[in-house]
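This report concerns only the one structure given below.
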There are 2 protein chains.
Amino acid sequence: MSKHVKEMGVLKDHLGKHQLKFTRQRELILDAFLKQEHITAEEMYHQLARKDPHLGLATIYRTLNLFCEAGLAQARHFGTQTQYDNISHKGHHDHLICTGCGKIVEFENCDIERLQEEVATRNGFTIQTHRLELYGLCSRCRH
Amino acid sequence: MSKHVKEMGVLKDHLGKHQLKFTRQRELILDAFLKQEHITAEEMYHQLARKDPHLGLATIYRTLNLFCEAGLAQARHFGTQTQYDNISHKGHHDHLICTGCGKIVEFENCDIERLQEEVATRNGFTIQTHRLELYGLCSRCRH
DNA sequence: CTTGAAATTGATAACCCGTCTCAAAAAGAA
DNA sequence: TTCTTTTTGAGACGGGTTATCAATTTCAAG
């Protein structure tokens, strides 16, 4: 069934280290989660309603938060909702956004990424991913 | 009273362009807002309770959102709360966010800022502000 | 294969932040 | 001042997430 052997291992490892148990629901949710780049708890609830009509929303939330703790997911807050991002699909695209016309330019900068790692290490963090947005005026909008 | 002449001008300009009115509350909230680097609506509510016990929380929210539209503030969603950042504050700091427990560590890094400027210049942009968030696990959640 | 302690689940109540409602008050142009 | 329009304040409301708790499941020990 599961092609997500590596991630399943990470999960089991985390469970073992925290006296948590491997359950049918956790396996089901992880399999569904890993097929997406990002998803909300509500979306997953609807997706899994077919496979397991009795799976509760609370369990989805608890499990997605568990994935965050295990380092498999990353929660991002957008307005009222929370997106759970699949860490293994990390595409590092940063953005330059023009506040005048809304133009968006993508860029990548290794030096910045290296410095980010440095900052994280200095603070005892292990980076999973990041978000960098530069807001300003593009040449046209600057006049 | 107000040392925030420039920002007050920006606000009045925005109000004028949108048939909105200049009120005692908006002036009060802007003055308080500009003294901080960032603040939540709730915090401001408590801060201003002394000066004006009848100032409503809804008014704070409405006004802070107005500041965002006027370009004086920037809303940021952290966990359950919304932080309103003071755009004019230049010692603008960034955030390390733990995806496990939600802990937030603020940091500042001049080298990163310099590289951001470089990227912007290379693309013809003039940066007004930015948002940099590093997501990962703090030492405690990594274990 | 049991047994039993400990963890998990599901349903829903509770919670919290932020927005909406609406009558009363204030702003501001005439 | 007068009148229209906008804003305010208080509380109700709403959506997303977490807490509660009895019933169920896991899993290690026997």
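Labels below follow one simple rule: chain letters A, B, ... track the order of the sequence lines, proteins then strands, and each chain is numbered from 1. Treat the numbers as computed from the prediction; the structure is a model and nothing was measured.
As rounded to whole Å, 19 Å separates atom C1' of dC17(C) from atom CZ of Arg76(B). With rounding to whole Å, Lys51(B) atom NZ is found 20 Å from dG9(D) atom C1'. Here the C1' atom of nucleotide dA7(C) and the CD atom of Glu69(A) are 15 Å apart, to the nearest Å. For the pair Leu55(A) CG and dT12(C) C1', the computed distance is 16 Å after rounding to whole Å. Atom CD of Glu27(B) and atom P of dA27(C) are 11 Å apart (whole Å). Summarising the geometry, the separation between CG on Leu66(B) and P on dT7(D) is reported as 8 Å, rounded to the nearest angstrom. Rounded to whole Å, atom P of dT8(D) lies 10 Å from atom CD1 of Ile60(B). Taking atom NE2 of residue His18(A) and atom C1' of nucleotide dT8(C), one finds them 17 Å apart after rounding to whole Å.
In this model, the phosphate group of dA10(D) is approached by a side-chain N or O of His54(B) to a distance below 4.0 Å at OP1 or OP2. Distances shorter than 4.0 Å separate some side-chain N or O of Thr82(A) from OP1 or OP2 on dT17(D). Within the structure, a side-chain polar atom (N or O) of Thr59(A) is placed less than 4.0 Å from OP1 or OP2 of dG10(C). In terms of phosphate contacts, Thr23(B) brings no side-chain nitrogen or oxygen within less than 4.0 Å of OP1 or OP2 of dA26(C). Of the side-chain N and O atoms in Gln25(A), one or more sit less than 4.0 angstrom from OP1 or OP2 of dG10(C). Using a 4.0 Å cut-off, some side-chain N or O of Tyr61(A) falls inside it from OP1 or OP2 of dT17(D). For Gln19(A) and dA6(C), the shortest distance from a side-chain N or O to OP1 or OP2 is not below 4.0 Å. Look at Asn65(A) and you won't find any side-chain N or O under 4.0 angstrom from OP1 or OP2 of dT17(D).
Nucleic acid contact for Arg26(A): sugar-phosphate only, since backbone atoms but no base atoms lie under 4.0 Å from a heavy atom of the residue. Counting any heavy atom pair closer than 4.0 Å across all strands shown, Glu42(B) reaches no nucleic acid atom. When heavy atoms are screened at a 4.0 angstrom cut-off, Thr40(A) is found touching no nucleic acid atom at all. Within 4.0 Å of Leu20(B), counting heavy atoms only, lie sugar-phosphate atoms of the nucleic acid but no base atom.
Counting distance only, with no hydrogens placed and no angle test, the side-chain atoms of Arg62(B) and the base atoms of dG9(D) include a donor-acceptor pair under 3.5 Å. A donor-acceptor contact under 3.5 angstrom links the side-chain atoms of Lys21(B) to the base of dT5(D).
Between the side chains of Glu43(B) and Tyr45(B), no donor N or O sits under 3.5 Å from an acceptor N or O.
Relative ring orientation between His38(B) and His95(B) is described as perpendicular, the plane-to-plane angle rising above 60° on a 0-90° scale split at 30° and 60°.
Mapping Leu15(B) and Leu57(B) onto DNA chain D by nearest heavy atom places Leu15(B) at the nucleotide closer to the 5' end. Along DNA chain C, the nucleotide closest to Phe22(B) and the one closest to His77(B) are compared, and the more 5′ of them pairs with His77(B).
Nearest heavy atoms, Gln81(A) versus Thr40(A): NE2-CG2, 3.7 Å.
Side chains of Leu66(A) and Arg26(A) form a contact here, defined as non-hydrogen atoms less than 4.5 Å apart. At a threshold of 4.5 Å between non-hydrogen side-chain atoms, the residues Gln116(A) and Phe125(A) do not count as touching.
Using a 4.0 Å cut-off between charged side-chain N and carboxylate O, Asp13(B) and Lys17(B) make a salt bridge.
Listed nucleotides: dT17(D), dT12(C), dG18(C). Nearest to the side chain of Ala58(A): dT12(C).
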